[in-house]
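Take a look at the structure below.
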Amino acid sequence: MTTPTIVLVGHGMVGQRFLEALADRGVTERARIVVLCEEPRPAYDRVQLTSYFSGKTPDDLSMVEAGFMEKHGIELYVGDPAESVDREARTVTARSGRVVAYDTLVLATGSYPFVPPVPGKDARGCFVYRTIEDLLAIEEYAKTATTGAVVGGGLLGLEAAGALKGLGLDTHVVEFAPRLMPVQVDEGGGAALLRTIERMGLTVHTGTGTQEVVTADGAVTGMRLSDGSELATDMVVFSAGVRPRDQLARDCGLTVGERGGIAVDELCRTSDPAVFAIGECALASDGRVYGLVAPGYEMAQTVAATIAEEAGNGFTGADMSTKLKLLGVDVASFGDAHGTAEGCLDVVYSDSRSGVYKKLVISGDGVLLGGVLVGDAEQYGLLRPLTGTVPPVSPEQLVLPAGAGAPVALGPSALPDDAVICSCHNVTKHAIGQCSSLPEVKKCTKAGTGCGSCVKTIEKLLPAATDKGLCGCFSYTRSELYEIARTLRLTSFAALLDSHGRDTAKGGEGCEVCKPTVGSILASLNNGYILDGEQASLQDTNDHFLANMQRNGSYSVVPRIPGGEITPDKLIVIGEVARDFGLYTKITGGQRIDLFGARVDQLPSIWTRLVDAGFESGHAYGKALRTVKSCVGQTWCRYGVQDSVRMAIQLELRYRGLRAPHKLKSAVSGCARECAEAQSKDFGIIATANGWNLYVGGNGGATPRHADLLAQDLSDAELVRLIDRFLMFYIRTADRLERTSTWLERLEGGLDHLKDVVVHDSLGLCGELEALMAAHVADYRDEWAETLDDPERLRRFVSFVNAPGAPDPSVRFVPERDQIKPDLTILTIGNLEGATSR
């Protein structure tokens with residue numbers, strides 16, 4: 001008997017899931033598997049595509065485990081797509097000329113971006129948002145652009161808009177429908193989403209389409225919209241939907257739908273019994289083309305089961321529920337979100353101030369039919385599985401926020417055993433209940449490995465005895481390790497690991513999770529210079545050299561400028577240092593000056609010049625206090641009611657060098673006009689006529705959170721005392737890499753409990769917290785100066801240990817706007833080939 005050959009055309013997320021399903025059933029052991037992939041890399045997580053702009057690399061996004069293809073004998077050809085199919089001869093011809101005979105052919109060609117047929121659509125500066133290569137091209141072009149426009153206000157369009165905003169462009173979104181995300185949310189949800197997005201600085205144009213892309217010399221200069229208005233932009237990203245990639249099927253005579261898509265039956269078999277189609281290219285038997293990954297995974301499982309001759313249900317349709325975080329905003333829809341069922345009723349909660357909108361669609365007899373959640377999708381994991389049932393509590397209690405009339409806490413335990421918790425992999429509550437930890441759930445069921453929206457619900461379903469340890473080396477949490485080190489006065493990682501590590505870790509060296517975490521704990525407990533002895537081996541790359549590593553292996557130097565106040569002489573010194581060392585200079589949003597492009601061997605020389613001029617480390621490299629920003633306050637501003645600059649300087653000098661679970665940012669505003677943006681900081685202060693108001697738990701960035709008022713009208717002494725307590729309580733109880741905003745939301749009892757502890761001293765800890773802060777203030781030493789004073793410490797600052805005087809030749813720059821920028825040409829080529837950067 002000859003070995004049958006299965007040819008897979010396309011290697012995206014659905015294609016890879018199909019290969020895994022074949023491997024799970026042992027098909028790879030008895031068949032030859034050949035994969036023809038158009039892109040230059042194996043399957044990657046397209047759902048998380050935008051995370052590339054948050055620092056993830058193409059390798060991070062890969063969905064193929066190392067050695068998977070080799071282990072299962074799968075032949076993968078990247079960059080070599082199928083160009084034709086001969087169904088009579090049962091062969092596929094690839095672009096390279098390779099001809100592969102098949103017994104079974106599976107088409108997983110996905111979809112392609114729809115670009116409206118408008119004049120100028122092919123001009124230089126026009127892009128689509130679909131692949132990693134698209135993102136690389138957008139990133140490169142954005143370096144010379146100032147304004148970007150995204151055509152399409154759907155899921156991918158808003159992600160593209162967020163990417164352009166993150167690249168520093170003034171960003172516009174043009175959506176033909178009267179609201180954003182018209183498929184997923186209703187009018188109320190769209191309005192809430194619009195308000196939140198506009199507050200982020202994006203400009204949204206709804207109810208209008210693109211009539212023309214205006215060009216000059218072949219490049220984009222603007223857009224003409226269907227309402228007659230014109231928009232100046234030098235970059236356009238089309239994200240106006242997708243179409244099934246069915247041309248290969250059309251060319252070989254397979255049946256396709258009138259509006260596109262390869263027609264398949266319930267087994268995902270096409271009009272040719274030897275050919276299957278799965279994912280976004282397939283027109284399912286219910287007449288729909290499914291554009292989500294979960295239905296594609298179901299199709300992949302169906303075809304794998306059919307090939308393996310397993311009995312099972314075919315694909316007859318799928319749940320189209322979605323939960324996403326777009327521009328930091330939670331958006332979810334499930335079931336009959338638009339209320340199309342006859343006689344249905346709506347239960348709506350709307351808070352335009354906070355950008356929260358929730359709507360449940362209920363049938364006349366109380367059955368939950370669907371819903372829309374914008375701004376707060378915490379209950380999505382519970383509501384989606386309840387769809388089609390009568391909830392055990394009234395619908396109002398399912399949408400009202402805590403403390404606003406929702407007396408019953410309904411958790412995942414209320415769900416029936418057959419409720420589907422993970423829709424990506426169709427995993428039920430019962431299946432999850434057979435596991436004891438989240439890693440076990442992911443390994444055994446794959447739940448939580450798709451879009452990730454079900455992870456919080458899964459965690460709530462797991463036994464209380466689930467291991468909460470920091471890592472495989474410690475069974476204790478970060479806060480527990482802090483208490484152990486503080487109480488027993490342990491001063492080394494080795495001592496902590498040997499006395500309180502897991503039995504399998506004792507005598508070991510620790511891991512990449514616990515080493516920097518314990519290093520931070522020991523530094524918080526005033527354990528001296530962080531690069532002495534064993535401490536040096538605990539630090540990550542930035543702390544290891546007391547500077548921030550940048551993209552090309554160079555470092556940035558950030559001197560502390562308390563409160564943003566600086567003398568002309570000190571400004572001159574910074575300018576001279578930047579000039580003499582050829583550094584890129586940037587004024588940051590936190591009122592500091594960044595100097596980029598220093599080689600590691602240059603750092604001590606740069607620090608010497610700065611320290612001699614009175615500067616010290618700004619700790620931009622550490623999980624520590626970064627800045628205390630300020631307005632000019634009452635000294636200069638006619639609206640100011642307190643001296644905000646003086647207070648900002650006092651606080652920054654008090655808390656400088658304070659090591660914490662995560663970075664800390666602060667600001668002091670001299671009046672209620674809030675020019676220093678204090679309410680977006682970990683701790684922020686706003687002046688009043690009677691003193692100071694203290695806000696805590698704020699956060700900017702990708703997941704902004706407004707800080708909460710902890711106390712008001714405080715004197716200087718009262719303010720400092722409360723901040724001391726707040727910071728030390730946070731350091732004592734937070735998890736690793738947990739910002740104050742997340743910590744406060746997780747803290748049992750929330751703000752009320754925090755007030756009880758740090759204001760009213762309900763736990764009797766305040767004296768201890770104040771003493772810990774006093775010890776920090778008394779023991780503070782500038783790390784740059786400490787390094788420069790010790791020749792032994794200076795020995796680490798070399799590019800090559802075996803050639804101390806040699807500079808790193810890979811650190812190179814090119815000119816840009818009268819300064820420099822990293823030369824990433826080699827890095828980009830290396831990354832495209834799957835190589836490491838250095």
Polar side-chain atom of [X] near backbone of [Y] as donor-acceptor pair, under 3.5 Å:
| X | Y | value |
| --- | --- | --- |
| Lys359 | Val399 | no |
| Asn548 | Ala620 | yes |
| Thr215 | Ala219 | no |
| Thr57 | Asp60 | yes |
| Ser666 | Phe683 | yes |
| Asp708 | Gly697 | no |
| His11 | Ala43 | yes |
| Ser51 | Gln48 | yes |
| Ser556 | Phe596 | no |
| Thr588 | Gly590 | yes |

> Among pairs that include at least one residue of residues 142-169, which meet ring-ring contact (aromatic ring centres under 6.0 Å, His included), considering only residues two or more places apart or in two chains?
Replying inline: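 Listed by first then second residue: nothing to list.
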
> Restricting to pairs with a member in residues 151-171, which pass ring-ring contact (aromatic ring centres under 6.0 Å, His included), not counting sequence neighbours?
Replying inline: none

Nearest 0.5 Å, what's the [atom1]-[atom2] distance between [X] and [Y]?
| X | Y | atom1 | atom2 | answer |
| --- | --- | --- | --- | --- |
| Leu164 | Thr171 | CG | OG1 | 5.0 Å |
| Leu383 | Leu368 | CG | CG | 6.5 Å |
| Leu167 | Ile138 | CG | CD1 | 8.5 Å |
| Arg41 | Glu38 | CZ | CD | 13.0 Å |
| Leu156 | Met181 | CG | CE | 11.0 Å |

>> Using the side chain to side chain contact (heavy atoms under 4.5 Å, CB included) criterion, which residues pair with Ser226? Sequence neighbours excluded.
In response: Thr208

Heavy-atom neighbours of [X] [atom1] exceed 12 at 6.0 Å:
| X | atom1 | result |
| --- | --- | --- |
| Glu187 | CD | no |
| Lys358 | NZ | yes |
| Arg199 | CZ | yes |

>> Under the criterion salt bridge (Lys or Arg N to Asp or Glu O under 4.0 Å), I'd like the reasoning laid out for Glu140 against Lys143: C-alpha separation, chi angles, the key distance, then a yes or no.
In response: CA-CA 6 Å; Glu140 182 63 28; Lys143 294 176 182 177; 3.0 Å; yes

Which residue pairs pass the salt bridge (Lys or Arg N to Asp or Glu O under 4.0 Å) test with at least one member in [range], sequence neighbours excluded?
| range | value |
| --- | --- |
| residues 674-683 | Lys629-Glu677, Asp682-Arg739 |
| residues 170-180 | none |
| residues 217-231 | Glu212-Arg224, Arg224-Glu230 |

Tell me the closest heavy-atom pair linking [X] and [Y], and the distance in Å.
| X | Y | value |
| --- | --- | --- |
| Gly670 | Cys631 | N-SG, 3.0 Å |
| Gly317 | Asp286 | CA-OD2, 3.7 Å |
| Val374 | Val185 | CG2-CG1, 4.2 Å |
| Gly157 | Val150 | O-CG1, 3.5 Å |
| Thr210 | Met223 | OG1-CE, 3.3 Å |
| Val289 | Gly261 | CG2-CA, 4.4 Å |

>> For a side-chain contact (heavy atoms from CB on, under 4.5 Å) check, start with the C-alpha distance between Leu158 and Leu180, then their side-chain angles and the critical distance, and finish with the verdict.
In response: CA-CA 9 Å; Leu158 294 183; Leu180 295 172; 4.2 Å; yes

[X]-[Y] side chain donor-acceptor pair, cut-off 3.5 Å:
| X | Y | value |
| --- | --- | --- |
| Tyr357 | Asp186 | yes |
| Tyr44 | Glu39 | yes |
| Tyr52 | Glu139 | yes |

>> Quick one, Leu107 with Ile262, criterion side-chain contact (heavy atoms from CB on, under 4.5 Å). Give me CA distance, side-chain angles, the key distance, then yes/no.
In response: CA-CA 9 Å; Leu107 301 177; Ile262 307 168; 3.8 Å; yes

Would you give me the side-chain donor-acceptor pairs under 3.5 Å for residues 340-348, sequence neighbours excluded?
| unit_1 | atom_1 | unit_2 | atom_2 | d |
| --- | --- | --- | --- | --- |
| Thr340 | OG1 | Asp336 | OD1 | 3.1 |
| Thr340 | OG1 | Asp336 | OD2 | 3.3 |

> Do we get Arg243 above Phe114's six-membered ring, with its NZ or CZ under 6.0 Å from the centre and within 45° of the axis?
Replying inline: yes

>> Can you confirm if the NZ or CZ of Arg384 lies within 45° of the ring axis of Phe334 and under 6.0 Å from the centre of its six-membered ring?
In response: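 Negative - Arg384 is either too far from the ring of Phe334 or too far off its axis.
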
> Stepwise, does the side-chain contact (heavy atoms from CB on, under 4.5 Å) test hold for Thr147 with Met235?
Replying inline: CA-CA 6 Å; Thr147 305; Met235 187 174 183; over 6 Å; no

>> For His172, give me all partners under ring-ring contact (aromatic ring centres under 6.0 Å, His included), at least two apart in sequence or on another chain.
In response: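 Listed in chain order: His205.
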
>> Val214 vs Val220, test: side-chain contact (heavy atoms from CB on, under 4.5 Å). Steps then yes/no.
In response: CA-CA 6 Å; Val214 182; Val220 175; over 6 Å; no

So, using salt bridge (charged side-chain N to carboxylate O under 4.0 Å, His left out) as the criterion, who are the partners of [X] when residues are at least two apart?
| X | result |
| --- | --- |
| Asp351 | Arg353 |
| Arg17 | Glu20 |
| Arg250 | Asp246 |

Side chains of residues 123-130: which donor-acceptor partners sit under 3.5 Å, not counting sequence neighbours?
| unit_1 | atom_1 | unit_2 | atom_2 | d |
| --- | --- | --- | --- | --- |
| Tyr129 | OH | Thr50 | OG1 | 2.8 |
| Arg130 | NH2 | Ser111 | OG | 2.6 |
| Arg130 | NH2 | Glu280 | OE1 | 2.6 |

>> side chain to side chain donor-acceptor pair (under 3.5 Å) for Asp59 and Ser62? Distances and angles first, verdict last.
In response: CA-CA 5 Å; Asp59 287 344; Ser62 175; over 6 Å; no

